[in-house]
There are 2 protein chains.
Amino acid sequence: MFHEVIPGKIYQQINKQIQDLILSEVLKKGDKLPPERQLAEAFNVSRASIRESIRSLEIMGLIESRPGEGNFISNFERPTIFEPLTIMFKINNGTFRDILEIRMILEVEAAGLAAERITDDHLKKLNDLMQALENSDDEAESVEIDKKIHYLIAEATGNYLIIVMLDAISSLMTSFIANARLIIAKNISEQGRLIRIHKDVVKALGQKNPRLAQDAMRRHFYSVYESIEGEDI
Amino acid sequence: MFHEVIPGKIYQQINKQIQDLILSEVLKKGDKLPPERQLAEAFNVSRASIRESIRSLEIMGLIESRPGEGNFISNFERPTIFEPLTIMFKINNGTFRDILEIRMILEVEAAGLAAERITDDHLKKLNDLMQALENSDDEAESVEIDKKIHYLIAEATGNYLIIVMLDAISSLMTSFIANARLIIAKNISEQGRLIRIHKDVVKALGQKNPRLAQDAMRRHFYSVYESIEGEDI
DNA sequence: GTGGTCTTATGGTCTGACCATTAATGCTAA
DNA sequence: TTAGCATTAATGGTCAGACCATAAGACCAC
């Protein structure tokens, strides 16, 4: 009977169309979009509208703009979706405890799932990283390796959501720490203990024993809790 | 000695400044931004750049544009951050199992935390919703109430990240179901069983017993798993 | 009061221009 | 020949100014 009204702003309609093209895989990772001027002509709108659309798709992490080259479909490697999460989190009075809490929840469960599903390839990479961690005497380097280990475990679950969410929490934590000037003390003995616990986790993963992996990961977090106990957060 | 080079595109600089104003609470929820033309003058840039900035802040869920009125700082009630997650999820071949898996992880743990921290106010609301669920004979209505119950439990944890992530998963699930035309069968007997299990959860929360709450919630999800077993997902 | 109508402020869109960066092209000199 | 440089064309980034569409408030007629 009645026609559906044309919804919302132009940039939203363009967004939808481009998103649909991505979903239907007409546009794939790395593909180059037509030049903005051409898009404007195709959609019969102004270049300004096209640009507002592209800008928002860029924020969503779907598109990448390279001056002088063009606009490209992103590689979707690590979602940049969560940048805004930091702001939201702070506005809503999120605490460091909140971060640790959910991190522990997810990582413990992730360890369990990873133990069931981890591949030999992943296992090998993990062992390599453990080796690197033991040999590292540089604090910054150790932190980086530590991050990679946790990311690998998340990846081994094969669950995209777990990967994404842990990634988001990781960035959140980094920005939080940077802002609060919080430094988790890592003296030699603690460093040694951390390595030992990490080893336990990796060992349990190697044995494909979920229960052990969970327990080891849980111990890891208790250890972290202790090391920041009393800190002003 | 040297001045820091001005980084990146104009809209990014504007974004940063506005974000900082929000973080430092110079701009608060619901506040009205100066008109675009005025902003353009203040920043000494074109209105187009201002608009690209506002567009991206809108996507981040920080700003709301109302034609004829102005641009307003959002209320940050429920983050719209995760809309892009749906697309990313599908592109990365996310499965329904992934969704259920992480949902179970988070909700079981959330139930445990909620049991420790739930307030009388929340408890009352929960009981009201349970009452409504029992009295409801409309499928759509039941689903809505069910969602609210789970959201309330998440809220009772007091952990912003848990709330946000479960919210995101909830939307993801909705869109997934809508697209896959999947309908979780809910015949009369199952409906009854679901209510019974929900009751167990709420009861455990009332007793502030984390262990019981977790177990009940876990049973809830096993129940869901069973009811979709064999479905083509 | 109630309901229109006008005015005004504001976001939404368009046009056309120019700048800045990049990649490709082709020329030049070793 | 080839390494290096200058030129050119394509493309995103920015700007200026205009007009449209919407919402709110003021004003008026009934």
Side-chain angles (χ1 to χ4, degrees), chain A residues 2-19 21-22 27-75 80 83, chain B residues 3-19 21-22 27-75 80:
Chain A
F2 299 108
H3 293 87
E4 196 176 352
V5 292
I6 298 172
K9 309 165 191 173
I10 287 185
Y11 88 90
Q12 291 173 326
Q13 301 180 45
I14 314 252
N15 274 6
K16 172 132 187 26
Q17 292 204 39
I18 294 183
Q19 287 175 357
L21 288 177
I22 294 177
L27 293 174
K28 300 192 190 65
K29 307 181 184 187
D31 281 0
K32 184 172 176 303
L33 283 176
E36 298 180 352
R37 293 161 176 83
Q38 203 170 313
L39 280 176
E41 200 178 351
F43 284 111
N44 195 29
V45 297
S46 76
R47 210 184 136 204
S49 295
I50 294 289
R51 282 184 61 77
E52 291 196 18
S53 166
I54 288 180
R55 198 78 313 128
S56 54
L57 291 170
E58 186 182 36
I59 294 294
M60 296 188 208
L62 296 179
I63 280 188
E64 213 175 300
S65 287
R66 305 199 209 117
E69 291 190 68
N71 295 305
F72 298 83
I73 307 293
S74 146
N75 282 320
T80 58
E83 187 203 331
Chain B
H3 292 88
E4 196 176 352
V5 291
I6 299 174
K9 308 165 191 172
I10 288 186
Y11 88 90
Q12 291 173 324
Q13 302 178 46
I14 313 258
N15 274 6
K16 173 134 188 23
Q17 292 204 38
I18 294 182
Q19 286 176 358
L21 288 177
I22 294 177
L27 293 173
K28 300 193 191 65
K29 306 180 184 185
D31 282 0
K32 185 173 176 302
L33 284 176
E36 297 179 354
R37 291 159 177 86
Q38 202 170 314
L39 279 176
E41 200 178 351
F43 284 110
N44 195 29
V45 298
S46 76
R47 211 184 135 203
S49 295
I50 293 290
R51 282 184 61 79
E52 290 196 19
S53 166
I54 287 179
R55 199 76 315 128
S56 55
L57 291 170
E58 186 182 35
I59 294 294
M60 295 189 209
L62 296 179
I63 280 187
E64 213 174 300
S65 287
R66 305 199 208 118
E69 291 189 71
N71 295 306
F72 298 83
I73 306 294
S74 145
N75 283 320
T80 58

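Lettering of chains follows the sequences in order, A, B, ..., and the numbering in each one begins at 1.
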Taking B/Gln38 for the side chain and B/Pro35 for the main chain, is one N or O donor matched with an acceptor at less than 3.5 Å?
no

Could you tell me whether a side-chain N or O of A/Ser56 sits under 3.5 Å from a main-chain N or O of B/Ile59, the two making a donor and an acceptor?
no

List, with names and distances, any nitrogen or oxygen atoms from the protein found under 3.5 Å away from nitrogen or oxygen atoms belonging to nucleotides 10-17 of chain D.
from   : atom 1 : to      : atom 2 : distance (Å)
D/dG12 : OP1    : A/Asn71 : N      : 3.4
D/dG12 : OP1    : A/Asn71 : ND2    : 3.4
D/dG12 : OP2    : A/Glu36 : N      : 3.0
D/dG12 : N7     : A/Arg37 : NH1    : 3.1
D/dG12 : O6     : A/Arg37 : NH2    : 3.1
D/dG13 : OP1    : B/Lys9  : NZ     : 3.1
D/dG13 : OP2    : A/Arg51 : NH1    : 2.9
D/dG13 : OP2    : A/Arg51 : NH2    : 3.3
D/dG13 : N7     : A/Arg47 : NH2    : 2.8
D/dG13 : O6     : A/Arg47 : NH1    : 3.1
D/dT14 : OP1    : B/Ile10 : N      : 2.8
D/dC15 : OP2    : B/Ser46 : N      : 3.0
D/dC15 : OP2    : B/Ser46 : OG     : 3.3
D/dC15 : OP2    : B/Ser49 : OG     : 2.8

Run through A/Leu21, A/Leu57, A/Ile50, A/Leu27 and flag the one making a side-chain contact (heavy atoms from CB on, under 4.5 Å) with A/Leu33.
A/Leu27

Salt bridge A/Arg55-A/Glu52, side-chain N to carboxylate O under 4.0 Å
no

Closest heavy-atom contact between B/Ser74 and B/Glu64?
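Scanning both residues, the minimum pair turns out to be CA-OE1, 4.3 Å.
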
Do you know the tightest heavy-atom contact between B/Ser53 and B/Ile18?
OG-CD1, 4.5 Å

So, using salt bridge (Lys or Arg N to Asp or Glu O under 4.0 Å) as the criterion, who are the partners of A/Lys16 when residues are at least two apart?
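With sequence neighbours excluded, A/Lys16 shows a salt bridge (Lys or Arg N to Asp or Glu O under 4.0 Å) to A/Asp20, given in chain and number order.
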
Heavy-atom contact window of chain B on DNA chain C, given 5' to 3' at under 4.0 Å:
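With heavy atoms of chain B under 4.0 Å away, the range is C/dT10 to C/dT13.
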
